[in-house]
Amino acid sequence: MPGGAVVVAWQPVVVASACPIVNYTVYYRQVAKNMETRWQSVTVNGNSNSYTLQLKCNKNYDVAVTSLSGYEESDFNDSKIWKFKTQGGDVA
């Protein structure tokens, strides 16, 4: 990923009998050798299908997305976790 700006995008799952999606939660964490930081999150409007994260350059990250429809959030354990490394200079 170039620099520290990372666009996370997803395709909404449409189920005929399901409630509409109210919002999405984008989870992210920095991963270093033998260490994972705590998950951080940002809530995104349910009409969106992407979000731009501003992350540190030259670092490894995990990102996952869940959705909230009606009264229930999708199970985090069912979410795909994307693993990647940002590029650019080493910024603290």
Please step through side-chain contact (heavy atoms from CB on, under 4.5 Å) for the pair V63 and Y51, ending with a clear verdict.
CA-CA 11 Å; V63 172; Y51 184 78; over 6 Å; no

Residue pair [X] / [Y]: nearest heavy atoms and the distance that separates them:
X   : Y   : result
R29 : W39 : NH1-NE1, 3.1 Å
A5  : T52 : CB-CG2, 4.2 Å
S69 : C19 : CB-O, 3.5 Å
T66 : S79 : CG2-OG, 3.4 Å

Which salt bridge (charged side-chain N to carboxylate O under 4.0 Å, His left out) pairs, counting each pair once, include a residue from residues 68-83, with sequence neighbours left out?
D62-K83

Below 30° counts as parallel, above 60° as perpendicular, anything between as tilted: where do the rings of W10 and Y24 land?
tilted

Please check if [X] and [Y] belong to a single hydrophobic cluster, counting links between Ile, Leu, Val, Met, Phe, Trp and Tyr side chain heavy atoms closer than 4.5 Å.
X   : Y   : value
L68 : V65 : no
F84 : I81 : no
V42 : Y27 : no

Value rounded to 0.5 Å, distance of [atom1] in [X] from [atom2] in [Y]:
X   : Y   : atom1 : atom2 : value
T86 : Q54 : OG1   : CD    : 11.0 Å
I21 : N45 : CD1   : CG    : 11.0 Å
W82 : Y28 : CH2   : OH    : 16.0 Å
M35 : Q30 : CE    : CD    : 5.5 Å
N58 : Q87 : CG    : CD    : 8.5 Å

Expected output: side-chain Y61 to main-chain K56 donor-acceptor under 3.5 Å
yes

